[in-house]
Amino acid sequence: MKKDEKENAVQGLIIFLFGLLVVIIINAFIIKFDYRKNGKYGIAEIYDFHVLANSSHSVCYKFLANNQQHSSCEFEVVSNSKLRLMLIGKKFPVIYNPEEPEESVILITKYDFEHYNLDYPDSLKWVEDYR
């Protein structure tokens, strides 16, 4: 290996390691809200679905938190259009950040509940049947 190639390889390695260190430091100092530990629960009502560019959907819902109405839309994996129509107007649990209620997650599917280590209620099993 020539001297220039060795220097370039060492410089590339140093740049890579520095970038990796920066990512680790940023992750260590950015505090992410932990819904499992600090989230509050409420009841959300679905009022709309929006089609996203890649043919997926976002579910839009509203809920009360801190005596104020909040709304949010988030990506949803419900692909059945009949089920989407059935969900509009229905109420589901929502978990939210009590300090920033706009940061919320609606719990509709079995996966949503499992992600937060919650039991999937029997009253929502009809959702899975239509998926």
Side-chain angles (χ1 to χ4, degrees):
M1 203 183 256
K2 294 181 183 178
K3 185 179 178 182
D4 288 341
E5 289 175 351
K6 270 186 173 181
E7 286 177 6
N8 287 343
V10 169
Q11 287 175 347
L13 181 61
I14 290 171
I15 290 170
F16 172 76
L17 291 175
F18 180 75
L20 185 61
L21 181 64
V22 168
V23 169
I24 291 170
I25 290 171
I26 288 173
N27 275 336
F29 289 104
I30 293 178
I31 299 171
K32 296 177 184 173
F33 183 76
D34 187 349
Y35 288 104
R36 292 178 188 161
K37 290 181 182 177
N38 304 319
K40 286 202 163 196
Y41 294 91
I43 300 296
E45 181 180 340
I46 296 176
Y47 67 87
D48 200 6
F49 281 88
H50 294 265
V51 178
L52 303 175
N54 58 359
S55 298
S56 57
H57 295 84
S58 65
V59 58
C60 298
Y61 54 93
K62 56 188 174 185
F63 62 99
L64 284 176
N66 305 329
N67 294 324
Q68 291 183 332
Q69 179 136 342
H70 299 275
S71 61
S72 184
C73 294
E74 67 180 61
F75 176 77
E76 184 51 53
V77 294
V78 175
S79 59
N80 183 328
S81 60
K82 182 178 177 182
L83 176 59
R84 284 194 302 273
L85 290 174
M86 292 172 66
L87 293 176
I88 293 177
K90 299 286 191 279
K91 296 181 179 182
F92 294 90
V94 64
I95 185 170
Y96 62 92
N97 178 343
E99 295 175 14
E100 300 285 336
E102 299 78 26
E103 296 176 19
S104 61
V105 178
I106 191 166
L107 305 173
I108 301 172
T109 65
K110 188 173 185 178
Y111 171 79
D112 297 334
F113 284 83
E114 287 173 353
H115 183 75
Y116 295 100
N117 296 326
L118 299 169
D119 292 333
Y120 191 62
D122 289 340
S123 62
L124 294 181
K125 289 192 177 176
W126 64 271
V127 174
E128 293 299 314
D129 291 341
Y130 281 95
R131 283 185 76 207

Is there a path of hydrophobic side-chain contacts, each under 4.5 Å between heavy atoms of I/L/V/M/F/W/Y residues, joining Tyr111 to Leu87?
no
Are Val127 and Leu118 connected into the same hydrophobic cluster when the rule is that any two of I, L, V, M, F, W, Y join if their side-chain heavy atoms are below 4.5 Å apart?
yes
Tell me every residue that passes side-chain hydrogen bond (donor to acceptor under 3.5 Å, both in side chains) with Asn67, counting only those two or more places apart in sequence or in another chain.
none
Under 4.5 Å between any side-chain heavy atoms of Val59 and Ile106, yes or no?
yes
Measure the spacing between NZ of Lys62 and CD of Glu45 and express it to the nearest 0.5 Å.
5.0 Å
Side chain to side chain, Ile108 and Leu124, heavy atoms closer than 4.5 Å:
no
Distance in Å, Asp119 CG paired with Phe113 CZ, rounded so as to fall on 0.5 Å steps:
9.5 Å
The reported gap from CD1 in Ile46 to NZ in Lys90 (rounded to nearest 0.5 angstrom) is 9.5 Å
How far does NZ of Lys110 sit from OH of Tyr120, to the nearest 0.5 angstrom?
8.5 Å
Would you call the rings of Trp126 and Phe92 parallel, tilted or perpendicular if under 30° counts as parallel and over 60° as perpendicular?
tilted
Examine Tyr47 together with Tyr61 and report whether their ring centres are nearer than 6.0 Å.
no
Looking only at heavy atoms, what is the nearest atom pair of Ile95 and Gly39, with distance?
CG1-CA, 4.1 Å
Keeping to residues at least two apart or across chains, list the salt bridge (charged side-chain N to carboxylate O under 4.0 Å, His left out) pairs with something in residues 121-130.
Asp122-Lys125, Glu128-Arg131
Check whether more than 12 heavy atoms from other residues, nucleotides or ligands sit under 6.0 Å from atom OH of Tyr116, and answer yes or no.
yes
Distance col, row His70:NE2 vs Glu103:CD, nearest 0.5 angstrom, shows 11.5 Å
Between Ser104 and Glu74, the two heavy atoms sitting closest are O-OE1, 3.3 Å
CG on Asp48 to OG on Ser71, rounded to 0.5 Å
11.0 Å
So if you build clusters from Ile, Leu, Val, Met, Phe, Trp, Tyr with side-chain heavy-atom gaps below 4.5 Å, do Ile43 and Leu107 land together?
no
Taking the side chain from Asn66 and the backbone from Pro98, do they hold a donor-acceptor pair closer than 3.5 Å?
yes
